[in-house]
Amino acid sequence: FFALAPAAQDFFKQSNRRLHFIADKLVVMSVDVYREPEKVVEQISALGLRHVGYGSPTELFGPFVTAHLQVIRMLTADDLVEEA
């Protein structure tokens with residue numbers, strides 16, 4: 001993510017442990033969206049609004065999603081997983 005958006009480093013000043021927690025939570029939400037899509041959409045919407053309230057530039061949201069998809073691509077060879 002930081003390679004795609006170096007300016008994001010100014011907004012992720014948490015400990016390495018906290019950053020790993022955030023990454024783990026993202027993976028869990030990615031799986032949960034298939035189990036409980038309405039609930040996860042609400043959670044993601046609320047999370048986005050909180051980050052806007054924190055002053056996180058919305059320009060960083062796209063690179064964050066792109067970085068996440070790059071990780072998913074490394075974890076599977078199934079094109080349908082990425083498409084989903």
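- Note that CG of Asp10 and OG of Ser56 are 11.0 Å apart. Values are rounded to the nearest 0.5 Å.
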_Evaluation steps, ring-ring contact (aromatic ring centres under 6.0 Å, His included), between Phe11 and Tyr54_ = CA-CA 9 Å; Phe11 297 92; Tyr54 297 152; over 10 Å; no
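- When the side chains of ILVMFWY residues are joined at heavy-atom separations under 4.5 Å, either directly or via intervening members, Leu60 and Phe2 end up in a single hydrophobic cluster.
- Residue Leu4 is not grouped with residue Met74 when hydrophobic side chains (ILVMFWY) are merged at heavy-atom distances under 4.5 angstrom, including chains of intermediate members.
- A continuous path of ILVMFWY side-chain contacts below 4.5 Å connects Val40 to Tyr34, so both sit in one hydrophobic cluster.
- Side-chain contact check for His20 versus Asn16: some heavy-atom pair is nearer than 4.5 Å.
- Note that CD of Gln70 and CZ of Phe1 are 11.5 Å apart. Values are rounded to the nearest 0.5 Å.
- Distance alone, capped at 3.5 Å, places no donor-acceptor pair between the His68 side chain and the Phe64 backbone.
- Residue Gln14 holds its CD atom at 5.0 Å from CD1 of Ile22, rounded to the nearest 0.5 Å.
- In the hydrophobic clustering (ILVMFWY side chains linked at under 4.5 Å, chained through shared members), Phe61 is joined by Val52.
- Going from atom CD of Glu36 over to atom CD of Glu42 covers 10.5 Å, rounded to the nearest 0.5 Å.
- Side-chain contact between Lys39 and Asp32 is absent, with no heavy atoms from C-beta onward closer than 4.5 Å.
- Under the 4.5 Å side-chain heavy-atom criterion for Ile, Leu, Val, Met, Phe, Trp and Tyr, Val41 and Met29 are members of distinct hydrophobic clusters.
- Atom OG of Ser30 sits about 8.5 Å away from atom CG of Leu69, to the nearest 0.5 Å.
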